[in-house]
Amino acid sequence: MQISRIHYITQDNIPGFTHAQLAEEACKGGADWIQLRVKGKGTAEWRKIAEETLAVCQQYNAKLIINDNVRIAKEIGADGVHLGNDDMHPEEAREKLGEEFIIGGTANTFFHLESKCQFVDYIGLGPFRFTSTKEKLSPVLGAEGYKQILSSCKNAGIDVPIIAIGGIKEDDLDGIFQTGIYGVAIASIVNAAENKAAAMRNFIQHLEKVSLQ
């Protein structure tokens, strides 16, 4: 299973844009992996948002990953689900969803990562720096934190793709990929931009210039 090196994440409350519209702008800019992050919505509204976003992703041949909600991911036929530390454990999600579904898990420490790695297709490791897009932010890792955790993974023979997340900017990419990280997840750098498709395109172009180890 091919995991993208850039994961784009939608956000609530971006003025003038629904989640589906945000996903479309990112896809216009070249994104091929969309994570739908919806908070504080009832099941019916959440499912409607997910179905609208899935239609966009299918139009652009992009993967749709649903944040937190295994039930909706399965019901609408999304490509996968991403589970935080307070969500369903990936082992249970794997039992419910089967082997074909993509499952991602969040980690802030090597202990988190090690406990999930055999049940997931990738790990979102962070935060890289402070970000206002996530409540209850875990301790910031920075490049040094990534180096330490990735070194522990190597020693333990863990080779699951690890995605850096948390306030990442274009100028961070050289340093982040020098740690051995597989890819990056972004939200605000696109969502806060006036031209979101252009911001996505610029980020992808910048990443392509970075030497991936």
Side-chain angles (χ1 to χ4, degrees), residues 1-39 41 46 48-68 72-73 76-82 102 104 106 121-134 161-179 181-213:
M1 183 181 300
Q2 184 62 38
I3 306 298
S4 179
R5 290 192 181 272
I6 300 182
H7 295 203
Y8 163 74
I9 305 173
T10 71
Q11 290 174 245
D12 288 314
N13 304 319
I14 301 298
F17 287 86
T18 65
H19 285 273
Q21 288 169 333
L22 288 171
E24 182 157 26
E25 290 302 306
C27 288
K28 284 179 181 176
D32 62 2
W33 188 286
I34 309 295
Q35 184 186 134
L36 176 64
R37 180 184 281 172
V38 176
K39 300 294 182 183
K41 300 283 193 290
W46 195 338
K48 182 175 183 291
I49 293 169
E51 287 172 341
E52 291 171 349
T53 308
L54 178 61
V56 169
C57 290
Q58 289 175 336
Q59 180 184 348
Y60 287 91
N61 198 30
K63 302 280 190 199
L64 177 63
I65 309 298
I66 305 292
N67 190 268
D68 297 348
I72 287 178
I76 73 164
D79 296 286
V81 67
H82 184 93
I102 299 166
T106 294
D121 299 293
Y122 72 91
I123 288 285
L125 182 64
F128 173 69
R129 66 157 57 85
F130 175 80
T131 172
S132 60
T133 63
K134 188 170 177 63
I162 297 175
I163 308 297
I165 184 169
I168 292 168
K169 302 173 184 176
E170 292 174 356
D171 292 346
D172 300 318
L173 291 176
D174 285 304
I176 285 175
F177 280 102
Q178 285 174 12
T179 70
I181 214 84
Y182 176 85
V184 294
I186 57 172
S188 296
I189 194 170
V190 172
N191 297 334
E194 187 171 342
N195 187 327
K196 295 168 176 44
M200 186 77 242
R201 192 175 302 113
N202 291 340
F203 191 90
I204 291 171
Q205 289 172 352
H206 198 96
L207 183 140
E208 288 173 347
K209 293 177 184 176
V210 175
S211 176
L212 301 181
Q213 302 300 317

Let me confirm one number: the [atom1]-[atom2] distance from [X] to [Y], rounded to the nearest 0.5 Å.
X	Y	atom1	atom2	result
Ile65	Leu36	CD1	CG	10.5 Å
Tyr182	Arg5	OH	CZ	5.0 Å
Ile189	Lys169	CD1	NZ	8.0 Å
Asn191	Lys196	CG	NZ	6.5 Å
Thr53	Ile76	OG1	CD1	7.5 Å
Ile49	Thr18	CD1	OG1	8.5 Å

Subject >> Positive for side chain to side chain contact (heavy atoms under 4.5 Å, CB included) with Ile204, one of Arg201, Met200, His206 >> reply: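 Only one option passes, and that is Met200.
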
Original post:
Run the side chain to side chain contact (heavy atoms under 4.5 Å, CB included) check on Arg37 and Asp12 step by step: do they pass?
Top reply: CA-CA 8 Å; Arg37 180 184 281 172; Asp12 288 314; over 6 Å; no

Which heavy-atom pair separates [X] from [Y] by the least distance, and what is that distance?
X	Y	result
Gly167	Asp172	O-OD2, 4.0 Å
Trp46	Asn67	CZ2-O, 3.3 Å
Asp32	Ser4	OD1-OG, 2.8 Å
Ile66	Ala50	CD1-CB, 4.0 Å
His82	Thr106	NE2-OG1, 2.8 Å
Asp79	Lys63	OD2-CA, 3.3 Å

Subject >> CA sep, side-chain torsions, deciding dist, call: Glu51, Leu54, side chain to side chain contact (heavy atoms under 4.5 Å, CB included) >> reply: CA-CA 5 Å; Glu51 287 172 341; Leu54 178 61; 5.6 Å; no

**OP:** Please identify each residue that fulfils side chain to side chain contact (heavy atoms under 4.5 Å, CB included) with Ala62, with sequence neighbours left out.
**Re:**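 For Ala62, the residues satisfying side chain to side chain contact (heavy atoms under 4.5 Å, CB included) (neighbours in sequence not counted) are Cys27, Ile34, Cys57.
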
Subject >> Under the side chain to side chain contact (heavy atoms under 4.5 Å, CB included) test, residues paired with Asp121 that sit two or more places apart >> reply: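 Only Met1, Ile3, Arg94, Ile102, Ile103 meet the side chain to side chain contact (heavy atoms under 4.5 Å, CB included) criterion with Asp121.
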
**OP:** Return the orientation label for the His7 and Trp33 ring planes: parallel under 30°, perpendicular over 60°, tilted otherwise.
**Re:**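 Parallel, since the angle between the ring planes stays under 30°.
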
Subject >> Stepwise side chain to side chain contact (heavy atoms under 4.5 Å, CB included) test for Phe203 and Leu173 >> reply: CA-CA 10 Å; Phe203 191 90; Leu173 291 176; 3.8 Å; yes

Original post:
So which of Gln35, His19, Gln21 actually passes side-chain hydrogen bond (donor to acceptor under 3.5 Å, both in side chains) with Thr10?
Top reply: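 Running side-chain hydrogen bond (donor to acceptor under 3.5 Å, both in side chains) over Gln35, His19, Gln21 with Thr10 returns exactly one hit, His19.
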
**OP:** Salt-bridge test for Lys28 and Glu25: reply yes if a basic N is under 4.0 Å from a carboxylate O, no otherwise.
**Re:**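 Salt bridge present between Lys28 and Glu25.
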
For a 4.5 angstrom cut-off between non-hydrogen side-chain atoms, does [X] reach [Y]?
X	Y	value
Ile165	Ile9	yes
Leu207	Phe177	yes
Tyr8	Val190	yes

Original post:
Yes or no on side chain to side chain contact (heavy atoms under 4.5 Å, CB included) for Ile72 and Val38, after CA distance, side-chain angles and deciding distance?
Top reply: CA-CA 12 Å; Ile72 287 178; Val38 176; over 6 Å; no

